[in-house]
There are 2 protein chains.
Amino acid sequence: MPNLKLPPRRSDCPLNASLEIFGDRWTLLVVRDLMFGGRCSYRDFLKADEKIATNILAERLHRLEASGIVEKHRDVEDGRKINYRLTEKGIDLAPVLVEMIVWAARHEDTAAPPAVIHDMTVNRDTFIAGLRDRWKSGR
Amino acid sequence: MPNLKLPPRRSDCPLNASLEIFGDRWTLLVVRDLMFGGRCSYRDFLKADEKIATNILAERLHRLEASGIVEKHRDVEDGRKINYRLTEKGIDLAPVLVEMIVWAARHEDTAAPPAVIHDMTVNRDTFIAGLRDRWKSGR
DNA sequence: CCGGATCCGTTTCGATACTG
DNA sequence: CAGTATCGAAACGGATCCGG
């Protein structure tokens, strides 16, 4: 139980490490595509509604790889193709994304289907476990 | 329970609304200061370790106010002083910040005290309720 | 002192065109 | 398909100034 007489100080709650990695407009969108969209190639990411520029995408993929959040793999069936895949560190971002999506659905005008949001909130832990299962089985 | 046969599609999980508001390096640091640090004035925010520039801080405070995440108030005791305070929409960001802090503590090198992180994870809901209580009583 | 606003040199971003 | 190269626009940072 949090001690209300000695609440956490700012210095006890370092956000900088997270923000240095994904404190920008694009990085988490790529993670979302991998986590929810079943999209895993450069071309797939470009198809997102938000229309990321090619150079920005390439740079963000490099940074995500350097941070150990995504891994690059040659497609098993088509050796020319490159697939990106979340690492364990990457799938661990699921709670962050879920909370951001839920917050926006509550306070902003988003196109999130109420059923999905309901599932994310009421069955939050199961929902996240499901994402992780799907990630694990998708290998 | 999430349906693994029909997982949420990317388009069902809009992150853009959130990222448009706080998808940058500075905005959430101000929110953190208000939420965890007991810091609520312009001068307080400047004192943070991350050394935000004065013009950047002023612009972010305006944006946060325009988004309905913070409110401006004259200090009751010292009429010259201005205090910022989270709105309900602002305190609702607590789960997002907590997940970001927990993720970074797990995967990056941060200075977060293990006791606080343990509390954030094991007693997550109580921890967030405590933050909200403190916010409510601090009015 | 406090809460900014303004100016300015530097860095980063991002749209488009182009390439192996 | 998966990126680079280019180049103008925007953001950043640091310093300074200013009204209350």
Side-chain angles (χ1 to χ4, degrees), chain A residues 10 15-34 37-67 69-86, chain B residues 10 15-16 18-34 37-67 69-86 90:
Chain A
R10 170 172 62 185
L15 263 190
N16 223 5
S18 291
L19 293 173
E20 274 173 15
I21 295 179
F22 53 78
D24 72 277
R25 284 283 278 105
W26 298 110
T27 303
L28 286 184
L29 291 176
V30 174
V31 175
R32 176 206 56 185
D33 287 354
L34 286 162
R39 315 294 176 90
C40 55
S41 72
Y42 187 89
R43 200 37 73 145
D44 287 337
F45 302 138
L46 287 181
K47 285 184 207 142
D49 289 339
E50 293 87 0
K51 302 296 167 211
I52 188 171
T54 63
N55 57 339
I56 305 297
L57 174 57
E59 200 259 351
R60 294 308 195 272
L61 284 170
H62 280 133
R63 291 186 37 163
L64 281 169
E65 205 185 349
S67 315
I69 290 171
V70 306
E71 286 172 347
K72 232 170 155 172
H73 296 277
R74 297 220 153 267
D75 191 297
V76 208
E77 301 178 352
D78 181 353
R80 302 169 306 175
K81 237 191 131 189
I82 291 172
N83 287 333
Y84 292 89
R85 162 191 315 169
L86 290 173
Chain B
R10 171 173 57 185
L15 263 190
N16 223 4
S18 291
L19 293 173
E20 275 173 13
I21 295 180
F22 54 79
D24 73 277
R25 282 285 277 105
W26 298 109
T27 303
L28 286 185
L29 291 176
V30 175
V31 174
R32 176 206 57 183
D33 286 353
L34 285 162
R39 313 295 175 92
C40 54
S41 72
Y42 187 88
R43 197 43 67 139
D44 287 338
F45 302 139
L46 287 181
K47 284 184 207 141
D49 289 339
E50 293 86 2
K51 299 298 165 207
I52 186 170
T54 64
N55 55 343
I56 306 294
L57 174 57
E59 201 258 349
R60 292 307 194 273
L61 284 169
H62 280 135
R63 291 185 38 163
L64 281 169
E65 206 184 346
S67 314
I69 291 172
V70 306
E71 285 171 347
K72 232 170 156 172
H73 296 277
R74 297 219 154 268
D75 191 298
V76 208
E77 301 178 354
D78 181 352
R80 302 170 308 178
K81 239 191 129 190
I82 290 173
N83 287 331
Y84 293 89
R85 162 192 314 171
L86 291 173

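Values below: all heavy atoms of this structure, side chains included; hydrogens, waters and symmetry mates excluded. Quick note on labels: first sequence line is chain A, next is B, and so on, each numbered from 1.
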Value in whole Å for how far the [atom2] atom of [N] lies from [atom1] of [X]:
X	N	atom1	atom2	value
Lys47(B)	dG4(C)	NZ	C1'	16 Å
Arg74(A)	dA2(D)	CZ	P	9 Å
Lys51(B)	dG13(D)	NZ	C1'	14 Å
Leu57(B)	dG4(C)	CG	P	8 Å
Glu59(B)	dG13(D)	CD	C1'	14 Å
Lys72(B)	dC2(C)	NZ	P	16 Å

For this session: Check Lys81(B), Arg74(B), Arg80(B) against Asp78(B) for a salt bridge (Lys or Arg N to Asp or Glu O under 4.0 Å) and give me the one that passes.
Result: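 Only one option passes, and that is Arg80(B).
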Using the side-chain heavy atoms of [X], tell me which of these nucleotides is nearest: [options].
X	options	answer
Ser41(B)	dG13(D), dG3(C), dC1(D)	dG3(C)
Asn55(A)	dG13(D), dT4(D), dA5(C)	dT4(D)
His62(B)	dC12(D), dT4(D), dA5(C)	dA5(C)
Ala53(A)	dC12(D), dG14(C), dA5(C)	dG14(C)
Trp26(B)	dC12(D), dG4(C), dC1(D)	dC12(D)
Ile82(A)	dA2(D), dG14(C), dG3(C)	dA2(D)
Arg43(A)	dG3(D), dG13(D), dC1(D)	dC1(D)

Problem set entry | Under-3.5 Å donor-acceptor pair between Thr54(B) side chain and dA5(C) base |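 Side chain to base: pair present.
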For this session: Give one of base, sugar-phosphate or nothing for Phe45(B), where a contact means two heavy atoms less than 4.0 Å apart.
Result: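 Result for Phe45(B) = nothing.
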